[in-house]
Amino acid sequence: MRYWLLKSEPDVFSIDDLAAAPKQTTHWDGILNYQVRNTMRDDMKSGDQAFFYYSSCAEPGIAGIVTINSAAYPDSTQFDRKHDHYDAGSSRDNPRWLMFDVKYQRKLKRIITLEELRRHEKKELKEMLLLKRGNRLSITSVEPSEWRFIIGLE
DNA sequence: GCCAACGTTGGC
DNA sequence: GCCAACGTTGGC
C-alpha cells in the first residue's frame, strides 16, 4: 500500500463535493501530464490512500483523506470532441490518458496548510515532493514517514 | 536532437 | 494579476 497526494482546486472540486457525491466516489479525470500518467499506470493501486490537497486558492493545504478505488483506466473525456480534455491524438485503441476512481475517507479536523508544512521542510518533511522547488505535478507520492508525521500534526 | 517560444501551474 | 518554474511544441 502506497500513499499519494492529489491536488484539486477547491472551487472546482472540494473534499465536501466528494463527500456529497453518489457513493462518495468520483472519477479523477483530466490528467494531461505524461509523468503523472505513468505514475498512475505503473504505481497506483486500488486501496492506496491519498491526501486531498487544495491548490490555487486562498488557503492551500491538505483538507482530507481519500482512497484510490480502482486501477487506472482510460479517461473517457479524451474521446469527447466537446470536452476540454479532448485529445485528437488519442484513440480508443490506444488511449493516451488515464483516470481512476477515488472514494471519500474523511475530512481532516482542520486544513493542514502549506504554510504549516513548510515549517517542517528543513526536518521531518525535507524530502516531501510537494514542497520541492518547482513542483507542479498534480499527483505526488508521500513517504509513509511523511504520512504519519502529517497525521500527527492534525 | 536541439532549443526558443509558448502555455500552464500555483503560490503570493 | 504577477511571475518563477516547468512541460510541450515545432522549426530547423
Side-chain angles (χ1 to χ4, degrees), chain A residues 2-21 26-44 48-68 72-102 104-143 145-147 149-154:
Chain A
R2 296 191 60 174
Y3 297 105
W4 306 97
L5 181 143
L6 313 181
K7 291 182 189 170
S8 182
E9 299 184 22
D11 295 343
V12 177
F13 192 78
S14 72
I15 188 77
D16 296 316
D17 294 330
L18 181 59
T26 194
H27 312 295
W28 205 263
D29 63 19
I31 293 181
L32 307 175
N33 173 284
Y34 287 104
Q35 195 178 335
V36 176
R37 193 260 334 250
N38 294 346
T39 297
M40 293 162 69
R41 183 189 61 201
D42 301 334
D43 299 326
M44 296 182 77
D48 287 355
Q49 287 189 289
F51 287 134
F52 195 115
Y53 177 87
Y54 287 171
S55 66
S56 295
C57 59
E59 193 177 39
I62 297 168
I65 296 176
V66 299
T67 306
I68 309 303
Y73 59 98
D75 184 337
S76 52
T77 63
Q78 72 195 300
F79 307 123
D80 180 357
R81 286 177 184 278
K82 300 219 171 63
H83 203 284
D84 277 354
H85 302 146
Y86 177 67
D87 184 346
S90 183
S91 69
R92 288 183 187 275
D93 290 342
N94 188 19
R96 184 174 286 170
W97 306 115
L98 302 174
M99 65 183 180
F100 52 84
D101 296 343
V102 158
Y104 177 83
Q105 188 169 331
R106 71 180 179 90
K107 244 177 118 161
L108 297 192
K109 297 184 189 83
R110 61 186 180 87
I111 291 183
I112 311 284
T113 63
L114 178 61
E115 183 198 15
E116 181 169 357
L117 296 174
R118 289 234 177 265
R119 280 185 231 141
H120 305 281
E121 71 179 329
K122 293 279 162 54
K123 232 182 133 187
E124 292 91 344
L125 301 180
K126 201 182 338 183
E127 302 298 326
M128 191 171 183
L129 292 174
L130 174 75
L131 305 180
K132 296 236 164 157
R133 177 186 155 91
N135 162 60
R136 299 186 316 162
L137 300 179
S138 60
I139 300 178
T140 51
S141 62
V142 176
E143 291 302 310
S145 60
E146 295 165 348
W147 183 275
F149 178 75
I150 291 167
I151 297 291
L153 291 177
E154 182 193 11

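Every value quoted in this text rests on a predicted model; they were computed, and no experiment measured them. Each chain gets a letter, A, B and so on, in the order its sequence line appears, and its residues count up from 1.
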Integer-rounded Å distance: [N] [atom2] and [X] [atom1]:
X         : N       : atom1 : atom2 : value
Leu32(A)  : dC6(C)  : CG    : P     : 20 Å
Asn33(A)  : dT8(B)  : CG    : P     : 14 Å
Glu59(A)  : dG11(B) : CD    : C1'   : 14 Å
Leu131(A) : dG10(B) : CG    : C1'   : 14 Å
Gln35(A)  : dT9(B)  : CD    : C1'   : 14 Å
Arg96(A)  : dT9(C)  : CZ    : P     : 8 Å
Leu6(A)   : dG10(B) : CG    : P     : 12 Å
Arg136(A) : dT8(B)  : CZ    : P     : 11 Å

Checklist entry - Which part of the nucleic acid does Tyr53(A) contact within heavy-atom distance under 4.0 Å: base, sugar-phosphate only, or nothing? => result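 Sugar-phosphate only.
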
Next on the checklist: For His83(A), give me all partners under ring pair (Phe, Tyr, Trp, His ring centres under 6.0 Å), at least two apart in sequence or on another chain.
Outcome noted: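 By the ring pair (Phe, Tyr, Trp, His ring centres under 6.0 Å) rule, His83(A) matches His85(A).
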
Item to check | Between Gln105(A) and Thr67(A): side-chain donor-acceptor atoms closer than 3.5 Å | outcome: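 The answer is yes; a qualifying pair exists.
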
Nearest-nucleotide pick for [X], side chain only, options being [options]:
X         : options                  : answer
Tyr34(A)  : dG11(B), dA5(C), dT8(C)  : dT8(C)
Ser56(A)  : dA5(C), dG10(B), dT8(C)  : dG10(B)
Leu114(A) : dG10(B), dT8(B), dC12(B) : dC12(B)

Checklist entry - Do any side-chain nitrogens or oxygens of Lys7(A) fall under 4.0 Å of OP1 or OP2 in dG10(B)? => result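 Answer is yes, contact under 4.0 Å.
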
Item to check | Residue that, paired with Arg118(A), satisfies side chain to side chain donor-acceptor pair (under 3.5 Å) out of His120(A), Glu116(A), Glu121(A) | outcome: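 Only match with Arg118(A) under side chain to side chain donor-acceptor pair (under 3.5 Å): Glu121(A).
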
Checklist entry - Taking the inter-plane angle between the rings of Trp28(A) and Phe100(A) on a 0 to 90° scale, is it parallel (under 30°), tilted (30 to 60°) or perpendicular (over 60°)? => result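 If you compare the ring of Trp28(A) with that of Phe100(A), the planes turn out parallel.
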
